[in-house]
Amino acid sequence: MRKIVLPGDLLSTNPRAAGYGTYVEGGKVYSKIIGLVDETDTHVRVIPLKGRYTPSVGDVVIGIVREVAANGWAVDIYSPYQAFLPASENPEMKPNKKANDVLDIGDAIIAKVLNIDPKMKVTLTMKDRICRAVRFGRIVAINPARVPRVIGKKGSMIKLLKGELDVQIVVGQNGLIWVNGDRRKVSIAEEAIYLIEEEAHTEGLTDRVAEFIKRRKADVGT
């Protein structure tokens, strides 16, 4: 199974193996980008995921905090455009708290696009019940162009995944998907999401995904 990594994920303890899409810090190799790991005995690189996300107001996105300022957080939403979450748009922020006590560098969040200015600076908000800091569960990354297929017509594909596997799923329009629940069922959901991504252009996909989930559940005894 291919492995998708996020920026900052540890890839290797051999600094000489560092290749494209990686950086070395403290003698260890980390991923610089979101993408697929390509690893040999002597070399590790990260192949970027295809397709970049262009934000729209109202989109749900999953992002990673990159910088902390007194007035909020710079958030990577895997787009060519920068995103910022103002402290005033995070309900967890209280007068007696510092920004980095609430969210720190490397934290993942589920947020909504509040505003996009003429220079394409994106402002996020967490003032919505779907929004939260991601403290548990798993983040799955796919090509943003495949998001509509993962959601399905009127949410049919997500309903199928949630119903069959009893997991929580939040789909970011930017191609990051949060899945939470029983560890084995989360793994099956992840595999199913990759299957949908790969076969998005084919007919009868919903039936194939349902069959795949049933088979995998039988395999792992859930």
Is it true that [X] and [Y] fall in one hydrophobic cluster, defined by side-chain heavy atoms closer than 4.5 Å?
X: Met93; Y: Ile105; value: yes
X: Ile116; Y: Val61; value: yes
X: Val37; Y: Val24; value: yes

Under a 4.5 Å cut-off applied to non-hydrogen side-chain atoms, are [X] and [Y] in contact?
X: Leu6; Y: Tyr78; result: yes
X: Trp73; Y: Asp107; result: no
X: Val209; Y: Thr206; result: no
X: Ser79; Y: Met120; result: no
X: Val75; Y: Ile109; result: yes
X: Asn90; Y: Leu103; result: yes

Query raised in the report: With Arg138, which residues qualify under salt bridge (charged side-chain N to carboxylate O under 4.0 Å, His left out), at least two apart?
Result: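 Counting only residues at least two positions away or on another chain, Arg138 forms a salt bridge (charged side-chain N to carboxylate O under 4.0 Å, His left out) with Glu190.
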
Report task. Tell me, please, which residues at least two apart from Asp38 pass salt bridge (charged side-chain N to carboxylate O under 4.0 Å, His left out). Result ->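 Result, salt bridge (charged side-chain N to carboxylate O under 4.0 Å, His left out) vs Asp38: Arg45.
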
Please give me the minimum heavy-atom distance between [X] and [Y], naming the atom from each residue.
X: Ala200; Y: Leu205; value: CA-CD2, 4.0 Å
X: Arg135; Y: Val102; value: NH2-O, 3.2 Å
X: Tyr194; Y: Ala141; value: CE2-O, 3.7 Å
X: Gly21; Y: Val46; value: O-CG2, 3.6 Å
X: Val29; Y: Pro15; value: CG2-CA, 3.7 Å

Query raised in the report: How far apart are the C-alpha atoms of Glu199 and Arg208, what are their side-chain angles, what is the distance that settles it, and do they pass the salt bridge (Lys or Arg N to Asp or Glu O under 4.0 Å) test?
Result: CA-CA 10 Å; Glu199 300 190 10; Arg208 273 205 310 289; 2.9 Å; yes

Query - Partner residues of Thr42 under the side chain to side chain contact (heavy atoms under 4.5 Å, CB included) criterion, sequence neighbours left out - result: Thr40

Going by side chain to side chain donor-acceptor pair (under 3.5 Å), name the residues that satisfy it together with [X], two or more places apart in sequence or in a different chain.
X: Glu39; value: none
X: Arg132; value: none
X: Arg146; value: none

Between [atom1] on residue [X] and [atom2] on residue [Y], distance to nearest 0.5 Å:
X: Asp9; Y: Leu11; atom1: CG; atom2: CG; value: 7.0 Å
X: Arg215; Y: Ile188; atom1: CZ; atom2: CD1; value: 11.0 Å
X: Arg66; Y: Phe84; atom1: CZ; atom2: CZ; value: 15.5 Å
X: Met126; Y: Ile130; atom1: CE; atom2: CD1; value: 11.5 Å

Query raised in the report: So, the side chain of Glu197 versus the backbone of Asn143: is there a donor-acceptor pair under 3.5 Å, distance only?
Result: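 Indeed, once roles are kept as given, a pair shorter than 3.5 Å links the two residues.
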
Residue pairs involving [range] (criterion side-chain hydrogen bond (donor to acceptor under 3.5 Å, both in side chains); sequence neighbours excluded):
range: residues 91-100; result: none
range: residues 11-37; result: none
range: residues 122-131; result: Glu89-Thr125, Lys112-Asp128

Query raised in the report: How far apart are the C-alpha atoms of Asp182 and Val167, what are their side-chain angles, what is the distance that settles it, and do they pass the side-chain contact (heavy atoms from CB on, under 4.5 Å) test?
Result: CA-CA 7 Å; Asp182 174 85; Val167 291; 5.9 Å; no

Report task. Tell me, yes or no, whether the heavy-atom count around Asp166 atom CG, taken from other residues, nucleotides or ligands under 6.0 Å, exceeds 12. Result -> no

**Report entry** Heavy-atom neighbours of Asp41 CG exceed 12 at 6.0 Å
**Finding:**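 Result for CG/Asp41: open.
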
Let me have the donor-acceptor pairs involving side chains of residues 171-181, under 3.5 Å, with sequence neighbours excluded, atom names and distances please.
from   : atom 1 : to     : atom 2 : distance (Å)
Asn174 : OD1    : Ile62  : N      : 3.2
Asn174 : ND2    : Ile62  : O      : 2.7
Asn174 : ND2    : Ile77  : O      : 3.1
Trp178 : NE1    : Phe136 : O      : 2.8
Asn180 : ND2    : Gln168 : OE1    : 2.8

Query - Other ILVMFWY residues reachable from Leu114 by side-chain steps of under 4.5 Å - result: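 In the cluster with Leu114 there is nothing else; it is isolated.
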
Pairs of donor and acceptor atoms involving the side chains of residues 157-164, under 3.5 Å and at least two apart or interchain, shall be tabulated with distances.
from   : atom 1 : to     : atom 2 : distance (Å)
Lys159 : NZ     : Lys154 : O      : 3.4
Glu164 : OE1    : Lys217 : NZ     : 3.4

Query - N-O pairing of Arg216 and Glu191 below 4.0 Å - result: yes

